[in-house]
Amino acid sequence: MSDAESPDDDFEPVQVFGDETEMDLRPGSDDCYKCSTCDTNCPVAEVEDEFPGPKFQGPEQWRLKRKGDHDIDDSVMKCSNCMRCDGACPSNVPLSQMHNTARGEYVDEQMDKLSVEYLRNRMLSNYRLLASLGSKVPRLANFVMGLGVTSWLGEKVMGIPSEREMPEFATQTFREWWSERGGNATSKERAREARAERGGSQVSNPDKRVAYFHGCYANYNTPEVGKAMVRVFESFGYEVMVPPQRCSGTPMFANGMLDDARRAAETNVEEFVAAIGDGADVVASCTSCSMSLRQEYPELFDLHGIEDLSNNTYEALEYLRIHEDLEGELADTEVDFPDVAYHAPCHARNQGLEGQAVEVTESIDGVEAHDVGDSCSGISGTYGWKEEHYDTSMKIGEEMFEHMEAADADTGMTECPTCAMQMEHGTGYEIKHPLELLETALVEE
Amino acid sequence: MAIRDDVLVVGGGLAGVAAALAASEHADVRLISHKQSTLRHASGLVDVLGYPPEGGEDADPIAEPFDALADLPEGHPYERVGADAVREGLALFDDAVGDTYVGSHTDRNALVPTHGGTVKPTARYPKSAAAGLASDGRDALLVGFAALTDFDAPLAADHLAAAGVPFEARGATVRFPGEFRDDAKVTRYAHALDRNEDLNGVPARTALAEAVKPHLDGEERVGFPAVLGDDDPCGVRASLAEKLDADVFEVPMGPPSLPGLRLEDRLYAALAEAGVHAETGNPAVEVEAEDGRIRAVVVDRTGRPVPYHADQFVLATGGLVGKGIDSDREAVREPIFDCHVPHPSDRYDWFDADAFGDHPFARFGVDVDSDLRPRAADGTAEYGNLRAAGGVLGGYDFAAEKSGGGVSLATGYAAGTAAGRAAGGETSDAAIPGDTT
């Protein structure tokens, strides 16, 4: 019917396409009007001419796949899963969901399961397994990992760039510290004491309870971040729970290992939904973990309670800003803390959290945080740990390194463990987590 | 409970930025935007008024926009805020963008060639477009890139000739030097020129100039699609100009637009300097209100409602394209504050049968009083502490009259100033500056 004709009075268009089918990404694909804004945000496309960009990887490839027997284009493995395209799209196209789905299909159906690349990716994305072994004998593992021959072998055999230094395992994991400290019972007691000290009606509030998703890195490599989280939350009167947990799935999504991610998600959803049932909100200290629980879980899996988990998950600083008068608490604090060059991780950006660390730091005397701008660090989790992406990763990171060096600080700060590795790798700075700053400001020794 | 500011601006486009900058003179300001700012979709040109609102297809462009403001119909955003607010809005813009923009020296409209070969009357334009003005008598060569199909230089040159410009325009299409993808991003070209990358052994700027030289036939100026640098556009133009021995200018393009990106960077840097906290990533979905005042705007953080408290609020979420105004088969709505949007009840009266006709939907938007407070159907203010600015306003057709940028700046300035003063305790009910009604 042409626009000029007046339709019958009883004409009403009907819904032609059902939306029941699993992973039917048609609505998202149809919402793309090809403005290409996503392409101008993609840190990989900016430096890598072989990469066709998020618009192709998402809606265009999805449409191509509707007809005939097109394979997924292997360039999807060049996507670093930074998810910046999501925040760029003015039309709400679920780009990263499309990329995750395409990558999963590529790995399932087109990738050689005996190839070094597959094995290497599988190993990197299951970092938790590696780390749990390594941290049983942390000193030995650190020693072996630090050997030149290990890194030479890593590059030659596994395709892990020898320029990268394996992160050191802590001699005591966060969970070991947590149970040694007395676990949940101790936390309950400390929270109660803090509430009593603060006085008022909060003393007996049973709902001041958070379940901590520490993720792999805070457990095996930087337990000081996990400890800071526990102490800060307890000082506000929160009882901290630490349910059993597996990897959030972030590195698995990025490597197309959706079955591995699903298995991990099943455990996480079950454990944390139970904690939510006990009155807890879920808090993560790593912005990629919170991103995964919030956005990728419900986008990719259909598990009982998964929406509940998504709706009740927060990043740590975010949680305190919403539920407590954090600025007021910090107003009279003064710290002995180095000034920091702050980098906002892409996954923090996607949750709308890119400004909060600097904003919170403004309230604390004795420390300055300098935002080093909106560039991507380039490591994107396991991405920069692959020999074939190492150069791209460092090229993307160049802008951040320059801005860090130009900033008036010799220490870095970020929420993301792999961004922290890249920041340290590119500048040699020690990297802190905002929770460590909060701990210094708020928790008396 | 804890996120609290004096003024909360909802929307990160030109109107939101203007409102936040204006309000920050008087109060603490936060700006929230669901997605990255849509400024990068914009051409980078800032129009005040290019054509009379009811002029129809054959209307002549307006030479003196400020003279034409007095004739605007009641309810037009300019009629609401008055001419002084338009000047103040432009002054705020000029201050924020510094010497990267031209046009503040005169009240007259400039005529800037577009990538379609039309001529657009506009009040402010990026410095990069300055040598391209259609009122300039110098002959011009337009250069297109084979892979960049949005700009067909020979066609654009023909259109300019047909539009009667007072110079000879010729078009030539060249291959951008180097080994770029056929669908390379505009930012890829821009960054190659920024960094003067080595392209097959030749620095990018030199290689591009060499590719253009054979086509140059005595023209004193050369126009390129707007991809001449992101971080260092001045340097790129200067290098090309020197090598070509001709002035170099950019022709503004559609999205994603480098002039829009550069403008976004400038304005967000200005926000940071002004101490405005800006954040993106989560949509505002509803409000908490009490006694005719808004207490908080509720932001949806992956399913969790988070209240953003403030004393004064500015609605600057854009129009139908920007999703500040939404519609379905039944009605047209403003989805966050649920402000009244006047429109015919029969949806077949929302549009004109002629595709290029005068569509009523183009004027859909919230109806405001002279303090820019949205009005309910009965004409009273929806909320005492809410003002609206930019594309979300009704009563004007920015695309037909070429007034989008100017309306955003003028109403953003007025709404932001009023909100800032009210929040800062300077006024109780805040009449807008420049209000002549």
Side-chain angles (χ1 to χ4, degrees), chain A residues 3-7 12-13 35-42 45-47 49-53 55-56 84 86-92 281 290-291 293-295 298 307-308 310-314 318 320-328 348-356 358-359 371 374, chain B residues 1-4 30 32-38 40-41 150 178-188 190-192 230-231 254-258 260-261 265 268 272 275 277-283 299-308 318 321-323 329 348 351-355:
Chain A
D3 285 347
E5 284 173 36
S6 198
E12 277 297 327
C35 69
S36 303
T37 302
C38 54
D39 286 342
T40 63
N41 274 266
C42 174
E46 187 176 331
V47 298
D49 286 327
E50 296 298 306
F51 187 64
K55 183 181 60 167
F56 170 79
R84 278 185 177 240
D86 282 353
C89 180
S91 194
N92 265 331
D281 285 318
S290 61
M291 184 81 211
L293 269 50
R294 285 177 137 174
Q295 183 180 321
E307 291 283 347
D308 210 15
S310 166
N311 293 348
N312 288 288
T313 300
Y314 300 81
E318 174 192 25
L320 293 175
R321 279 184 80 215
I322 295 169
H323 294 94
E324 300 296 330
D325 181 15
L326 188 57
E327 264 179 49
R349 208 165 275 287
N350 285 334
Q351 295 171 78
L353 305 176
E354 73 272 30
Q356 63 170 13
V358 171
E359 214 177 294
D371 194 319
D374 61 3
Chain B
M1 121 185 55
I3 300 178
R4 175 177 295 282
R30 183 180 304 275
I32 58 174
S33 170
H34 179 193
K35 298 284 188 172
Q36 196 172 52
S37 172
T38 46
R40 60 183 62 202
H41 294 235
D150 285 357
E179 311 289 330
F180 294 96
R181 303 175 58 83
D182 287 344
D183 62 346
K185 325 300 170 213
V186 288
T187 40
R188 184 69 192 87
H191 293 150
D230 183 3
D231 302 323
S257 146
L258 260 307
L261 268 162
D265 286 347
Y268 275 73
H277 292 128
E279 61 183 64
T280 62
N282 298 301
V299 170
D300 178 351
R301 294 204 185 166
T302 54
R304 209 62 199 296
V306 175
Y308 281 57
V321 178
K323 300 188 175 62
R329 293 177 194 290
Y348 291 99
F351 56 88
D352 190 272
D354 174 6

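Per chain, numbering begins at 1; letters A, B, ... match sequence-line order. Below, each value reflects all heavy atoms present in this structure, side chains not excepted, and no hydrogens, waters or symmetry copies.
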Worksheet item: Is a side-chain N or O of B:K185 found less than 3.5 angstrom from the main chain of A:S36, in a donor-acceptor match?
Response: no
Worksheet item: Just how far is it from atom CG of B:D183 to atom CG of A:D39, taken to the nearest 0.5 Å?
Response: 7.5 Å
Worksheet item: Taking A:E354 for the side chain and B:T280 for the main chain, is one N or O donor matched with an acceptor at less than 3.5 Å?
Response: yes
Practice prompt. Any chance you could lay out the side chain to side chain contact (heavy atoms under 4.5 Å, CB included) test for A:N41 and B:Q36, step after step, and finish with the verdict?
Written response: CA-CA 10 Å; A:N41 274 266; B:Q36 196 172 52; 2.5 Å; yes
Worksheet entry | Residue among B:G322, B:P283, B:G303, B:P256 with most heavy-atom pairs under 4.5 Å to chain A | B:P256
Worksheet item: Can you say whether A:D374 sits under 4.5 Å from chain B via the side chain, the backbone, both, or neither, judging by heavy atoms?
Response: neither
Discussion item. So which residue, B:K35, B:R188, B:R40, B:E279, ends up with the most heavy-atom pairs under 4.5 Å with chain A?
Written reply: B:K35
Discussion item. In the structure I gave you, are the side-chain heavy atoms of B:K323 and A:S91 within less than 4.5 Å of one another anywhere?
Written reply: yes
Discussion item. Please determine whether a side-chain nitrogen of the Lys or Arg among A:E359 and B:R30 lies less than 4.0 Å from a carboxylate oxygen of the Asp or Glu.
Written reply: yes
Practice prompt. Check whether any side-chain heavy atom of A:N312 sits under 4.5 Å from a side-chain heavy atom of B:R304, and report yes or no.
Written response: yes
Worksheet item: Between A:D308 and chain B, which part of the residue has a heavy atom less than 4.5 Å away: side chain, backbone, both or neither?
Response: neither
Worksheet item: In terms of heavy-atom pairs under 4.5 Å with chain B, which of A:C42, A:P90, A:G328 leads?
Response: A:P90
Worksheet item: Going by an N to O cut-off under 4.0 Å, is there a salt bridge joining A:E318 and B:R301?
Response: yes
Discussion item. Give me the atom names and distance for the closest heavy-atom approach of A:I322 to B:V306.
Written reply: CD1-CG2, 3.6 Å
Worksheet item: Does A:N350 use its side chain to pair, donor to acceptor, with the backbone of B:G281 at less than 3.5 Å?
Response: no
Worksheet entry | Under 4.5 Å from any heavy atom of chain B - which part of A:P52 | both
Fill in: Side chain, backbone, both or neither of A:Y314 within contact of chain B (heavy atoms, under 4.5 Å)
side chain
Worksheet item: Nearest 0.5 Å, what's the CG-CD distance between A:D49 and B:E179?
Response: 9.5 Å
Worksheet item: Nearest 0.5 Å, what's the CG-NE2 distance between A:N92 and B:H34?
Response: 4.5 Å
Fill in: Residue, of A:P298, A:C35, A:G355, A:A45, that accumulates the most heavy atom pairs under 4.5 Å with chain B
A:C35
Worksheet item: Of the listed residues (A:G53, A:S310, A:G352), which shares the most heavy-atom pairs with chain B below a 4.5 Å separation?
Response: A:G352
Discussion item. Less than 4.5 Å to any heavy atom of chain B: does that hold for the side chain of A:Q356, its backbone, both, or neither?
Written reply: neither
Discussion item. Does any part of the side chain of B:H191, heavy atoms only, come nearer than 4.5 Å to the side chain of A:E46, both counted from C-beta?
Written reply: yes
